[in-house]
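Taking it in order: structure first as structure tokens, then the write-up.
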Amino acid sequence: MKKILVLGATSTVAVKVMELFSLEETHLFLMGRSKERLENIGKHLKCSPTWHKESILDYQVVENVLIFEKHHDFIHEVIKKMGGLDLVFVAYGHLGEQKNSEKSGSEFLKEIQVNFLSIASYLHTVANYFESQKNGQICVITSVAGDRARKSNYTYGVAKGALSLYLQGLRNRLFTSNVSVTDIKLGFVDTPMTEKLTQRLLMASPKYAAMKIVSAISQKKEIAYVPFYWRYIMLVIKGIPERIFKKLNM
Ligand SMILES: NC(=O)c1ccc[n+]([C@@H]2O[C@H](COP(=O)([O-])OP(=O)(O)OC[C@H]3O[C@@H](n4cnc5c(N)ncnc54)[C@H](OP(=O)(O)O)[C@@H]3O)[C@@H](O)[C@H]2O)c1
């Protein structure tokens, strides 16, 4: 039975991913900030036609992912409860108002800490465990926003870009230990995170995104742009010379 820990299990995309994970006999361990939401998602998964009858579901509430000193023990408690760990899927993230993070230093730091440091801190313990086991899979949702920083959301973009670089380092380190590291560079997906966006062009559905994410995990891909066309859009955006890019209103 595959043992999977989902950090940020209340994410809309994560729920769709878990529906696909549970097609096979799976031990799912859900982590999120709200007991009520985790319980509802647990009920939803167990009632879903995709739920394999032998699958197991556990959850634990972590109200604040910024209490870094608890991360090591949390990961080891999960490993103990499940009797091992095969895959960690990280879905949580926060898209704050860019202007707030410019006005307030603490907002800026919180955005970087939630979207980058807290995830790197959890994965620090996970990586050491997988390295010692000589087996494991890590999959993290980052963002195309991390490919080039722009004025309308560079705080979020910087955190996601740093996370992608961290994953690159882990991938290189853990390759010889049979541990795969998959970076999902997500484009626009129709979830509560994007509900304020007036621009709906290129908006993918959570179900489509989940299918592509699960496929990338099963193929042990290094980096997957989801949907795929973001690879080409970002190639163009990354190719714009900085002297021109700095004048653009993006
Ligand atoms: N939707 C997009 O267009 C898009 C594009 C690129 C990347 N992404 C990334 O995709 C991932 C999944 O997001 P989604 O689209 O599924 O959005 P979502 O449904 O709004 O889910 C966001 C998730 O992040 C958690 N979260 C938010 N702030 C948090 C905090 N301060 N501490 C801990 N957890 C926090 C939420 O937990 P609660 O339920 O407790 O609020 C929820 O589990 C995120 O990493 C996001 O950055 C999304």
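Starting from 1, each residue takes its place in the sequence as its number. Whatever order the structure lists them in is the order used to number ligands and atoms, beginning at 1. Treat the numbers as computed from the prediction; the structure is a model and nothing was measured.
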Inset, instruction - Please determine if H94 has a nitrogen or oxygen closer than 3.5 Å to a nitrogen or oxygen of ligand 1. - result: no

Legend entry - Option with minimal heavy-atom separation from atom 16 (O) of ligand 1, where the choices are S11, A145, G146: S11

Inset, instruction - Can you figure out which of S34, A14, G93 has its heavy atom closest to atom 24 (O) of ligand 1? - result: G93

Legend entry - Residue pairs, two or more places apart or on separate chains, that pass ring-ring contact (aromatic ring centres under 6.0 Å, His included) and touch residues 219-250: F188-W230

Inset, instruction - Would you kindly say whether S164 and D183 are connected by a side-chain donor-acceptor distance under 3.5 Å? - result: yes

Legend entry - P192: numbered ligand 1 atoms lying under 4.0 Å from its heavy atoms: 19 (O), 20 (O)

Legend entry - Option set G187, S143, A210, criterion heavy-atom distance to atom 4 (C) of ligand 1, minimum: G187

Inset, instruction - Could you check which of K160, R37, E63 puts a non-hydrogen atom nearest to atom 45 (O) of ligand 1? - result: K160

Legend entry - Nearest non-hydrogen partners of G84 and Y129, listed with the distance: CA-OH, 3.6 Å

Legend entry - atom 19 (O) of ligand 1 [closest protein heavy-atom partner, distance rounded to 0.1 Å]: T12 OG1, 2.6 Å

Inset, instruction - State the atoms of ligand 1, each with its element, that fall below the 4.0 Å cut-off from a heavy-atom position in T194. - result: 1 (N), 2 (C), 3 (O)

Inset, instruction - Could you check atom 36 (C) of ligand 1 against the protein and tell me its nearest heavy-atom contact, residue, atom and distance included? - result: T10 OG1, 4.0 Å

Inset, instruction - Supply the atom-to-atom distance H52 NE2 to K46 NZ, rounded to the nearest 0.5 angstrom. - result: 15.0 Å

Legend entry - Closest candidate by heavy atom, reference atom 1 (N) of ligand 1, pool T191, V65, L66: T191

Inset, instruction - Using distance alone, decide if ligand 1 has a nitrogen or oxygen within less than 3.5 Å of any nitrogen or oxygen in V13. - result: yes

Legend entry - Top protein contact for atom 10 (O) of ligand 1, by heavy-atom distance: I141 CG2, 3.2 Å

Legend entry - Ion pair R173/E131, N-O distance below 4.0 Å: yes

Legend entry - K99 and E102 ion-paired at < 4.0 Å: yes

Inset, instruction - Could you grab the distance from atom OH of Y92 to atom CD1 of I141, nearest 0.5 Å is fine? - result: 12.5 Å

Legend entry - Polar atom proximity, V189 to ligand 1 (N or O, under 3.5 Å): yes

Legend entry - Minimum-distance protein heavy atom relative to atom 31 (N) of ligand 1: R33 NH1, 3.4 Å

Inset, instruction - Considering the heavy atoms of F188, write down every atom of ligand 1 situated less than 4.0 Å from one of them. - result: 3 (O)

Inset, instruction - Measure across E25 and S55 and return the closest heavy-atom pair with its distance rounded to 0.1 Å. - result: CA-OG, 3.6 Å

Inset, instruction - Please state which part of T142 comes within less than 4.0 Å of ligand 1, counting heavy atoms only: side chain, backbone, both or neither. - result: backbone

Inset, instruction - Could you label the plane-to-plane angle of the H71 and Y122 rings as parallel, tilted or perpendicular, counting under 30° as parallel and over 60° as perpendicular? - result: parallel

Inset, instruction - Look at atom 6 (C) of ligand 1 and say which protein heavy atom is nearest, naming residue and atom and giving the distance to 0.1 Å. - result: L186 O, 3.3 Å

Legend entry - Atom indices of ligand 1, in the order listed, that fall short of 4.0 Å to a heavy atom of Y156: 6 (C), 7 (C), 8 (N), 9 (C), 46 (C), 47 (O)

Inset, instruction - Apply side-chain hydrogen bond (donor to acceptor under 3.5 Å, both in side chains) to the pair E222 and T182, showing each step before the final yes or no. - result: CA-CA 5 Å; E222 288 85 24; T182 301; over 6 Å; no

Legend entry - Over 12 foreign heavy atoms within 6.0 Å of CZ, R243: no

Legend entry - Numbering as shown, the atoms of ligand 1 that approach A91 to under 4.0 Å (heavy-atom distance): 11 (C), 12 (C), 44 (C), 45 (O)

